[in-house]
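In what follows, a single structure is set out as structure tokens and then discussed.
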Amino acid sequence: MEKTAITPRRSENYPEWYQQVIIAADMAENSPVRGCMVIKPWGYAIWEQIQGDLDRRFKATGHVNAYFPLLIPLSYLEKEASHVEGFAKECAVVTHHRLIDDGKGGLKPDGQLEEPLVIRPTSETIIGAMYAKWVKSYRDLPILINQWANVMRWEMRTRLFLRTSEFLWQEGHTAHATANEAIDETLLMLDVYSDFANEILALPVIKGEKPSFERFPGAVNTYCIEAMMQDCKAVQAGTSHFLGQNFSKAAEIQFTNQEGSIEYAWTTSWGVTTRLIGALIMTHSDDDGLVLPPRVAPQHIVIIPIYKNEEEKQKVMDCCNTLKKTLNNTYYHHQELRVQIDSRDIRGGEKTWQWVKKGVPIRLEIGPRDIENNSVFMARRDKSPKDKQSIGLQNFIEQATTILDEIQLELFNRAKLFMNSHTFEVSSLEEFNKFFTEDNNISGGFVTCYAADDSVIEDFIKPLKVTARCIPLEQADNASGVCIFTGKTVNKRMVFAKAY
RNA sequence: CGGGGCGUAGCGCAGUCUGGUUAGCGCACUUGAUUUGGGAUCAAGGGGUCGUGAGUUCGAAUCCCACCGCCCCGACCA
């Protein structure tokens with residue numbers, strides 16, 4: 001077998017492969033603090049691309065950004081009963097505000113707080129408290145605010161990007177005068193996430209509603225987008241919640257309507273996290289490392305100059321700089337092409353492989369020979385590292401954005417095909433059990449079947465380590481069928497899978 | 001919190017069972033030479049209070065005790 005840049009391969013040890021891809025691409029590493037990660041420049045640059053695009057989409061749909069504090073009074077969290085229950089077990093708590101000499105050469109906490117503060121696991125409660133102050137009249141609604149922030153959930157088992165104790169995200173929090181308006185908002189943001197995942201991350205997703213027993217603590221309805229990784233496991237890539245009046249009652253967000261009577265507002269919240277980067281890695285990357293869809297790639301094109309001596313270096317660098325300038329003036333989906341010249345003083349082969357592992361969509365090699373022929377040597381990350389071709393310089397300049405779009409589409413199509421070919425319809429509990437217990441190499445994937453929205457089905461699926469992912473919004477047909485777990489007649493199919 | 005394992009150079013490890021000069025190896029790093037369009041080779045070099053503390057001993061990375069930290073498996077989870 002040919003040597004690959006990443007060992008082990010996906011087929012040998014998928015979880016270990018995942019960690020190695022992150023190391024090889026220099027995206028992140030574990031920090032001295034358990035469960036927390038240091039996001040390194042290459043990983044953070046991907047997050048910045050995600051932020052940039054989503055932020056434009058949020059603003060285009062009428063949202064504005066604001067910032068709320070990291071610390072939440074403990075009493076706030078107690079206000080919404082199911083919310084407490086959902087998050088209490090994973091909250092980091094601040095109890096002191098000072099350090100003093102412990103007499104043994106170290107420090108110890110001092111100055112106990114009257115009321116402990118919780119490091120936000122999510123911000124519904126504190127934002128709700130502020131909205132209560134801001135909303136008096138129906139004229140104050142809707143409030144459409146998003147914040148980019150970090151949150152902390154004290155997780156037992158963590159994995160870089162996929163699940164860390166502290167993570168970065170955006171959380172949108174909106175308040176509306178009517179239930180329908182809030183529901184429309186919830187579904188609108190689900191669409192924003194789904195479009196973003198498809199178009200930017202090249203991530204095919206299933207839009208659906210969570211069954212009641214998988215709902216966000218305190219929500220009336222939770223919607224999500226679900227994606228399939230290359231090991232056939234599911235990842236929830238984003239969520240949008242219709243919170244009804246639960247949080248507005250807890251926080252007293254009240255307003256006077258047009259008729260002069262007092263009502264509680266209807267609220268929503270929605271978010272995506274740095275987990276998207278984990279999903280991105282697990283969807284597209286291969287045994288040679290990260291593969292980035294061009295639209296989230298921190299660099300679209302990397303140019304590797306090749307020369308032997310000072311004289312050649314001059315000529316080659318001039319050519320590279322000119323090409324970079326030209327490409328920077330080319331627009332790719334309303335942004336200038338991102339081009340990096342790698343002029344580091346290390347060997348060419350090593351350079352090439354580093355960029356392969358970092359997943360840059362297009363690599364160009366330019367040496368004296370190419371300059372003579374007025375051409376460049378091009379390799380695409382969606383093809384084998386060996387697959388390089390010489391292409392006329394002018395030709396490349398004209399086609400660069402088309403090639404990037406081809407790569408973007410190719411990655412999406414591959415992922416879509418993978419998801420479709422690993423999604424199966426079953427019609428009996430026996431089939432269901434067989435699918436998830438037989439040979440694990442094949443048994444992965446999504447299973448759809450008629451299932452009732454009833455927590456008793458957890459008794460059937462938990463022992464299999466399977467979870468109910470969602471009830472897809474788009475159903476194959478309008479038919480009804482018998483729930484394979486309860487025997488009830490239902491009109492919706494549900495998606496099941498092993499999940500991250 | 002239950003069960004298992006591990007702390008030795010930046011990273012990965014050997015050495016510990018059976019105590020003994022100056023604690024090793026691979027990768028990485030620095031320098032030099034020869035190379036150079038697919039992950040170079042050779043040579044030289046720098047880098048360690050062996051997790052912490054106390055003990056046994058002429059002598060401890062190695063044995064005893066305590067502590068600290070981390071990893072894996074289980075319940076929780078975007």
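Per chain, numbering begins at 1; letters A, B, ... match sequence-line order. Note that these values count all heavy atoms, side chains included, but never hydrogens, waters or copies made by symmetry.
Both distances falling under 3.5 Å, in either a Watson-Crick or a G-U wobble arrangement, occur for no nucleotide opposite A28(B). C1(B) is paired with G74(B) under the Watson-Crick or G-U wobble criterion, all donor-acceptor distances under 3.5 Å. Under the Watson-Crick or G-U wobble criterion, with both distances below 3.5 Å, G37(B) has no partner in any strand shown. Pairing for A66(B) is with U52(B), a Watson-Crick or G-U wobble pair whose two hydrogen-bonding atom distances lie under 3.5 Å. When both pairing distances are held under 3.5 Å, A61(B) makes no Watson-Crick or G-U pair with any nucleotide shown. Nucleotide U16(B) has no partner under the Watson-Crick or G-U criteria, as no pair reaches both atom distances under 3.5 Å.
There is a side-chain donor-acceptor pair under 3.5 Å between Asp453(A) and Ser212(A). A donor and an acceptor atom, one from each side chain of Glu185(A) and His63(A), are located under 3.5 Å apart. Between the side chains of His241(A) and Thr222(A), a donor-acceptor pair is found at a separation under 3.5 Å.
Whole-Å rounding puts the Glu16(A) CD to C72(B) P distance at 11 Å. With rounding to whole Å, Glu29(A) atom CD is found 16 Å from C70(B) atom C1'. Asp345(A) places its CG atom 16 Å from the P atom of U36(B), with the value rounded to the nearest Å. One atom, NZ of Lys313(A), and another, P of U36(B), lie 18 Å apart when rounded to the nearest Å. Note: CD (Glu214(A)) to P (C76(B)) measures 11 Å, nearest angstrom. In this structure, the CH2 atom of Trp270(A) is 16 Å from the C1' atom of A78(B), given to the nearest Å. The distance from atom CZ of Arg120(A) to atom C1' of A78(B) is 15 Å, rounded to the nearest whole Å. With rounding to whole Å, Met37(A) atom CE is found 12 Å from A78(B) atom C1'.
Between A78(B) and Lys210(A), no contact under 4.0 Å exists linking OP1 or OP2 to a side-chain N or O. Taking 4.0 angstrom as the limit, Lys465(A) places none of its side-chain polar atoms (N or O) nearer than this to OP1 or OP2 of C76(B).
Note: Trp169(A) and Phe167(A) have perpendicular aromatic rings, judged against thresholds of 30 and 60 degrees for the angle between ring planes.
Stacking between Trp169(A) and A78(B) is absent: the ring centroid is not both under 5.5 Å from the six-membered base ring centre and under 30° in plane angle.
A gap of 49 Å separates the P atoms of G20(B) and C76(B), to the nearest Å. Using atom C1' as the reference point in both C11(B) and U21(B), the two lie 30 Å apart (nearest Å). The separation of U62(B) from A54(B), taken at their P atoms, amounts to 14 Å, rounded to a whole angstrom. C67(B) sits 14 Å from G2(B) when the P atoms are compared, rounded to a whole Å. The same atom, C1', is picked in C1(B) and in A14(B); the two are 35 Å apart, to the nearest Å. Separation of the C1' atoms belonging to G74(B) and C63(B) is 35 Å when rounded to the nearest angstrom. With both ends at atom C1', the span from G19(B) to G3(B) equals 33 Å, rounded to whole Å. Atom name P, nucleotides U56(B) and A60(B): the rounded distance is 12 Å, in whole Å.
Two residues are said to be in side-chain contact when any heavy atoms from C-beta on lie closer than 4.5 Å; Leu190(A) and Thr239(A) fail this criterion.
In this structure, Gln236(A) reaches the sugar-phosphate backbone alone: every heavy-atom distance under 4.0 Å involves primed, P, OP1 or OP2 atoms, never a base. In this structure, Thr164(A) reaches the bases: a heavy-atom distance under 4.0 Å links it to at least one base atom across the strands shown. Residue Phe216(A) is classed as having no contact, given no heavy-atom separation below 4.0 Å to the nucleic acid. No contact: Thr239(A) has no heavy atom under 4.0 Å from any strand. Residue contacts shown for Leu162(A) include a base, since a base heavy atom lies under 4.0 Å away.
Ring-centre distance between Phe58(A) and Trp270(A): below the 6.0 Å cut-off.
Geometrically, Lys462(A) does not engage Phe460(A) in a cation-pi contact, judged by NZ or CZ lying under 6.0 Å from the ring centre and within 45° of the ring axis. Geometrically, Lys233(A) engages Tyr500(A) in a cation-pi contact, judged by NZ or CZ lying under 6.0 Å from the ring centre and within 45° of the ring axis.
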Just do the ring pair (Phe, Tyr, Trp, His ring centres under 6.0 Å) check on Phe432(A) and Phe485(A) with the steps written out, would you? CA-CA 10 Å; Phe432(A) 185 95; Phe485(A) 304 103; 5.1 Å; yes
Within the 4.0 Å limit for protein heavy atoms, which parts of nucleotides 37-42 of chain B are touched? Write it as a string from 5' to 3', B for base, S for sugar-phosphate only, - for none. BBBB--
